[in-house]
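Right, one structure below, let's go through it.
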Amino acid sequence: MARSKIVVLDFGSQYAHLIAKRFRMLGYYSEIALPSTDLSAFENCKGIVFSGGPSSVYDEKVPEFNSEILNLDIPILGLCYGHYIVQLGYNGKVGKADVGEFGFAQLNFADGMNGTSAKCPLFKGVEGSQQVWMSHQDGVLKLGEGFEVVGSTKDCPFAATQNLSKKRFSLQFHCEVKDTPCGNQIFQNFADYCGMEKNWDQDTVLNIILENIKKEAGDKNVLLFLSGGVDSTIAFALLNKALGQDRVLGLHIDNGFMRKNESAQVAEAYHKFGFNNFIVEDASESFLKAISGLTDPQKKRMAVGENFITVRNEVVAKQHLDDNKWLLAQGTLYPDIIESGGTKNSNTIKTHHNRVSGIQELIAKGLIIEPIRDLYKDEVRSIGKKLGLSDQLVMRHPFPGPGLSINVLCNDGKANPKDEEELLLAQKELDAIKLDMFCKHCTADLKRSILPVRSVGVQGDFRTYRFPALLTFADEGNGFYHFPGKREKIEACSSTITNAAKYINRTCIKLYQNPEIKNEDLKLQEGYCDKARLDQLREVDNIVLTELHKSGWYDKIFQHLTIDLPYASCKDHASFVLRPVISEDVMTARFAMLPKEVMENIVHQIAELPFVDALYFDATNKPPATFGWE
């Protein structure tokens, strides 16, 4: 008997697959389909969800949509872009919103008793006004026929609507992300409304993965790129369980971009668990050569990814492995695919190393296995624990294949008129923004400036490449600066800046600046990702991670990234950014607030390093920023 399901139509949102994941975690089988799909895809379908997407409905090129889907007698829930499609399907009107919303908003229910929306089945058991997560610049201007408003925010009058006679619901906000705390309840209510019964669990997922590995591998052996990170480690464990260690070979490549002593620690952890079927290849010179002189983040990522293939081929030849008997495996997650523009309607945020053209060619030929490609980080960790892996392996902070190379920002030293023009525009924007959330003590000496380096961000499912704002509070002496201690005020300030500015996608706070250096001494220097800068970054990063482990905060945050900026008083110096983040699935994140004592210990140790000119704290959520800066 075919399994009942909820079908998610992927209009290209960064969060489309996350919707299906949420339903699966609630115990309901869910599948992804294209919005142009034939109606036969809805056999045994109990409910349909329209995802968000990067397009505007009035763009010349929009995702192809089979409008006959709206005629099905199946409940439909539209989210963000899907919210617009639902409204347009019933003669509503959509256009540019008066105010775009990115990040947190407060949803207020309509027509309910005691602050609840008794009329809306989606809000059953959801009390009072609710925090929701927004990421939109368009909005519904006129409701579709037969629809009524059941929820609104300060800037979005049609944030939640329904047409019960047609079994249609549409929401402007993203209830699939953790930052909408009532999101799971809304999805549970939708599943109940659809008449779904529980039919999915972790054992089912694990069994399906193991069976798929056996099917895809056939009689071939598998060589796995083994970075030492959580994803590749758990993919390694799955391959070993499905095929046996004699048919699997892990290849850990030391690409020169590892953290301090990382490769040795990785090998030790694997041996300790009983993995003996792996080899370590030092290819640091090869990778450094591959990215030599590159400054563009996308080109760097692609060069790293392509060089993995080159090194893989060299290892295959050295180990005398028969190409006809070996497949390549990767620990690819779904966020890697979606951020790389890997679904038909999605926008490229950043090309992950496991999605460069050389890898894509191998995928097209059926020569790559990716056991966890449909999963998110938290799902993968659950699978790892189910397989019996230790917390040392499962709960490590994520560390992508390109490693520290994408944390070293580069510059060719040449003046760029566009950058200079947009820096001035960004400064004007920042100066015009009212920041009244801090106390008088904090704002008395508050200075605003723009860091002259671009960083990657994401807004409304689109990639941005803009400048960070820098806030400098009171000078506390010896180069150290006041850091406001209240998270909600910093977060409100950060969101205010990034929501209001066109040329800014991050908000940073100055922690330290060498007292012997004046502001005007700091300039954008010519700098590339070479061993010297990587070694400097390793030292700074090691101070942070050591202190996080010592204080117990390593396990309390999702990841810490240390960013090296070529913004300094001279070429052999640098400025650094601390980027601690909290996340569940990588698709959204909040910056982490470390305790004052932990932060001070980190900052004072870093300040003692002779090559550090300045230190900043990245206080930006995702969206509008990504985790890293490249």
Side-chain angles (χ1 to χ4, degrees), residues 9 11-16 19 35 48-67 69-71 75-112 117 119-120 122-123 129-177 180 186 345 347 459-462 495 498-502 623-624:
L9 297 189
F11 285 92
S13 170
Q14 298 295 309
Y15 314 128
I19 302 167
I48 305 170
V49 181
F50 293 178
S51 84
S55 303
S56 290
V57 293
Y58 46 81
D59 287 345
E60 286 186 17
K61 187 179 181 181
V62 295
E64 186 181 346
F65 172 59
N66 180 359
S67 60
I69 295 170
L70 289 170
N71 295 328
I76 292 177
L77 169 61
L79 303 174
C80 201
Y81 185 89
H83 170 55
Y84 309 145
I85 295 297
V86 170
Q87 295 300 318
L88 290 174
Y90 296 92
N91 298 315
K93 186 178 179 183
V94 175
K96 195 80 169 177
D98 290 338
V99 179
E101 294 174 299
F102 297 96
F104 298 115
Q106 207 68 21
L107 178 72
N108 299 305
F109 298 127
D111 300 324
S117 182
K119 291 177 60 179
C120 182
L122 295 186
F123 298 146
S129 63
Q130 289 286 325
Q131 171 188 296
V132 295
W133 188 262
M134 293 285 199
S135 185
H136 71 102
Q137 291 174 318
D138 294 333
V140 173
L141 306 181
K142 175 190 170 187
L143 279 181
E145 294 168 1
F147 281 82
E148 60 180 334
V149 176
V150 292
S152 59
T153 69
K154 179 174 68 73
D155 296 313
C156 183
F158 304 129
T161 78
Q162 68 179 12
N163 181 333
L164 294 180
S165 66
K166 295 287 187 182
K167 304 178 187 175
R168 303 294 184 255
F169 305 91
S170 69
L171 309 174
Q172 179 66 78
F173 56 92
H174 290 273
C175 45
E176 67 270 30
V177 301
T180 298
I186 291 173
N345 300 313
N347 189 258
Q459 285 183 288
D461 291 300
F462 279 100
S495 295
T498 53
N499 281 349
K502 178 181 177 182

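Numbers here are sequence positions counted from 1. No experiment lies behind these values; they were computed from the predicted model shown.
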Are the side chains of [X] and [Y] in touch, meaning some heavy atoms are under 4.5 Å apart?
{"X": "Ile69", "Y": "Leu9", "value": "yes"}
{"X": "Lys96", "Y": "Gln137", "value": "yes"}
{"X": "Phe50", "Y": "Tyr81", "value": "no"}

Indicate the atoms forming the closest heavy-atom contact of [X] with [Y], along with that distance.
{"X": "Gly151", "Y": "Leu107", "value": "C-CD1, 3.8 Å"}
{"X": "Pro623", "Y": "Ser135", "value": "CG-OG, 4.2 Å"}
{"X": "Gly12", "Y": "Pro54", "value": "O-CD, 3.3 Å"}
{"X": "Ser165", "Y": "Asn163", "value": "OG-OD1, 2.7 Å"}
{"X": "Leu79", "Y": "Cys175", "value": "CD2-SG, 3.8 Å"}

Pairwise distance CZ(Phe169) to CZ(Phe147) - rounded to 0.5 angstrom: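 Answer for the CZ-CZ pair, Phe169 versus Phe147, is 9.5 Å.
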
Partner residues of Gln130 under the side-chain contact (heavy atoms from CB on, under 4.5 Å) criterion, sequence neighbours left out: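 Only Phe109, Val126, Cys182 meet the side-chain contact (heavy atoms from CB on, under 4.5 Å) criterion with Gln130.
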
Contacts of type side-chain contact (heavy atoms from CB on, under 4.5 Å), residue Asp59, not counting sequence neighbours: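 Applying side-chain contact (heavy atoms from CB on, under 4.5 Å) to Asp59 gives Ser55, Ser56, Val62.
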
Lys119 backbone acceptor or donor facing Gln162 side chain under 3.5 Å: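 A pair under 3.5 Å: yes.
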
N/O donor-acceptor pair under 3.5 Å between His83 side chain and Phe158 backbone: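 Yes, the answer is positive, given that a donor and an acceptor are paired below the 3.5 Å cut-off.
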
CA sep, side-chain torsions, deciding dist, call: Val49, Ile76, side-chain contact (heavy atoms from CB on, under 4.5 Å): CA-CA 6 Å; Val49 181; Ile76 292 177; over 6 Å; no

By salt bridge (Lys or Arg N to Asp or Glu O under 4.0 Å) - contacts of Lys167 (at least two apart):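 Residues passing salt bridge (Lys or Arg N to Asp or Glu O under 4.0 Å) with Lys167: Asp73.
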
Parallel, tilted or perpendicular, as decided by the 30° and 60° cut-offs, for the rings of Phe11 and Phe65: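 Tilted, since the angle between the ring planes falls between 30° and 60°.
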
Side chain to side chain donor-acceptor pair (under 3.5 Å) partners for Asn71, two or more places apart: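 By the side chain to side chain donor-acceptor pair (under 3.5 Å) rule, Asn71 matches Glu68.
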
With sequence neighbours excluded, residues passing side chain to side chain donor-acceptor pair (under 3.5 Å) with Glu101: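 Testing Glu101 for side chain to side chain donor-acceptor pair (under 3.5 Å), a comparison that skips the adjacent residues, returns His136, Thr153.
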
Side-chain donor-acceptor pairs under 3.5 Å in residues 84-95, sequence neighbours left out?
from	atom 1	to	atom 2	distance (Å)
Tyr84	OH	Asp138	O	2.9
Tyr84	OH	Gln172	OE1	3.1
Tyr84	OH	Gln172	NE2	3.0
Gln87	OE1	Gly144	N	2.7
Gln87	NE2	Thr161	OG1	2.9
Gln87	NE2	Ser170	OG	2.8
Tyr90	OH	Leu70	O	3.3
Tyr90	OH	Arg168	NE	3.0
Asn91	ND2	Glu145	OE1	3.4
Asn91	ND2	Glu145	OE2	3.0

